Amino acid sequence: MRVLTVYRRLYACHGPQHWWPGDGPFEIMVGAVLTQNTAWSNVERAIANLKAAACLEPEAIATCDLRHLGALLRPAGYFNVKARRLQHFCRWYLEQGGYERLRRWPTARLRFALLGVHGIGPETADDILLYAFGRPVFVVDAYTRRLAARLGLVAGDLSYEALRAYFEQALRRETGYEDRPGTAGRRRLVRLYNEYHALIVAHSKSVCRPRPRCSVCCLARHCPAVS
DNA sequence: ACCCAGGGTCATA
DNA sequence: TATGACCATGGG
């Protein structure tokens, strides 16, 4: 089955997802860290706490007392870990000159630098690249791996990088969009990767219904036909 | 009382 | 390099 076909079916079933849920690049980056292995509803509470404490800014987080920051992040779980990770990230972010500087970096350099920040792994880095910086990077998560494996597109033990390369190459080939800076093809790829990842998450969290149903409906997490 | 969630790091073999 | 432990809250 073509990867683009899967996308069309997911879109037909679930519609546009309007990701990333959040206001502005920095809030998106914060959300990307906070949502690590955590339900988004919990992240929303933590972000609300940060806003209410006037602490949803890089300077505030970078200089904040870790105990205080942890208290604000408590609803998101792993709050001690995430307080340290957020602070590491914000200090790095400010050292590099913030968004206006980082947005000038080529994608490969930006990705490599993000992966060097303590607490930023492949998925968090790619969330940031795609949703905060608008780069054509396909985000892989546990849902993506399970979906691709169950459809028989790839082996189940493929590495993160291999899976990302698979989706990016397949989608570039099947759409014919070219990935060159400043081109319409680049922007289309960004929109496609954005919506695709969001749809995989939405689909995986959805419950399989008799009607209406999409052609990949039996791959939802809670579908009785799968487990 | 379970299980899981839009991961990542670290210690161990 | 490949597992396992650990982090922790909130909803089903």
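Bear in mind that the values here come from a model prediction, so they are computed numbers and not experimental data. Lettering of chains follows the sequences in order, A, B, ..., and the numbering in each one begins at 1.
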Between P of C/dA8 and CG of A/L72, the distance in whole Å: 15 Å
Tell me, what's DNA chain B's dot-bracket, Watson-Crick or G-U with both distances under 3.5 Å, | for other-strand, [ ] crossing? .||||.|||||||
Could you go through nucleotides 10-12 of chain C and list every protein N or O atom that sits under 3.5 Å from one of its N or O atoms, giving the distance for each pair?
{"unit_1": "C/dG10", "atom_1": "O4'", "unit_2": "A/N42", "atom_2": "OD1", "d": "3.1"}
{"unit_1": "C/dG10", "atom_1": "O4'", "unit_2": "A/N42", "atom_2": "ND2", "d": "3.1"}
{"unit_1": "C/dG11", "atom_1": "OP1", "unit_2": "A/R45", "atom_2": "NH2", "d": "2.2"}

So, A/R91 side chain and A/A62 main chain: donor-acceptor pair closer than 3.5 Å or not? yes
With A/V139 as reference, evaluate A/Y193, A/Y131, A/Y196 under the side chain to side chain contact (heavy atoms under 4.5 Å, CB included) test and give the passing residue. A/Y131
Quote, to the nearest angstrom, the P distance that separates B/dC4 from C/dA5. 15 Å
Is the side chain of A/R180 donor-acceptor paired with the backbone N or O of A/G185 at a distance under 3.5 Å, no angle test? no
Determine the minimum heavy-atom distance between A/P106 and A/R135, stating which atoms define it. C-NH1, 3.6 Å
Shared hydrophobic cluster for A/V3 and A/Y177 (ILVMFWY, side-chain gaps under 4.5 Å): yes
The side chain of A/V81 lies closest to which of these nucleotides: B/dG8, B/dG6, C/dA8? C/dA8
Search all heavy atoms of A/L151 against all heavy atoms of A/V6 and return the closest pair with its distance. CD1-CG2, 3.7 Å
Does the side-chain ring of A/W19 sit on the six-membered ring of the B/dG6 base, less than 5.5 Å centre to centre and under 30° in tilt? yes
Verify, without hydrogens or angle tests, whether A/T63 (side chain) and A/E59 (backbone) share a donor-acceptor contact under 3.5 angstrom. yes
Expected output: side-chain A/T175 to main-chain A/L171 donor-acceptor under 3.5 Å: yes
Rounded to whole Å, the CG-P distance (A/N80 to B/dG8) equals 19 Å
Taking OH from A/Y78 and P from C/dA5, how many angstroms apart are they, rounded to a whole number? 14 Å
Can you check the A/N49 CG to C/dT9 P distance for me, whole Å? 14 Å
Short of 4.0 Å, heavy atom to strand atom, which residues of residues 109-134 of chain A count as contacting DNA chain C? none
Protein-nucleotide distance (A/I200, atom CD1; B/dA5, atom P), rounded to Å: 15 Å
Mind checking whether A/Y99 and A/Y93 have ring centres under 6.0 Å apart? no
Rounded distance in Å - CD (A/Q17) to P (B/dG6): 13 Å
Do A/L34 and A/W20 sit in the same hydrophobic cluster, where Ile, Leu, Val, Met, Phe, Trp and Tyr count as joined when their side-chain heavy atoms come under 4.5 Å apart? yes
Without decimals, in angstroms, what is the distance between A/Y160 OH and B/dG8 C1'? 13 Å
For B/dG6, take OP1 and OP2 only and decide whether either is under 4.0 Å from a side-chain N or O of A/N37. no
A/R84 atom CZ is separated from B/dG7 atom C1', nearest whole Å, by 15 Å
Can a donor-acceptor pair be found, under 3.5 Å and without considering hydrogens, that links the side chain of A/Q36 to the backbone of A/G119? yes
Is the shortest side-chain N/O distance from A/K205 to OP1 or OP2 of B/dG6 below 4.0 Å? yes
Going by centres under 5.5 angstrom and planes under 30 degrees, do the aromatic ring of A/W40 and the base ring of B/dA5 stack? no
Does any N or O in the side chain of A/K82 come within less than 3.5 Å of the main-chain N or O of A/A76, such that one atom is a donor and the other an acceptor? yes
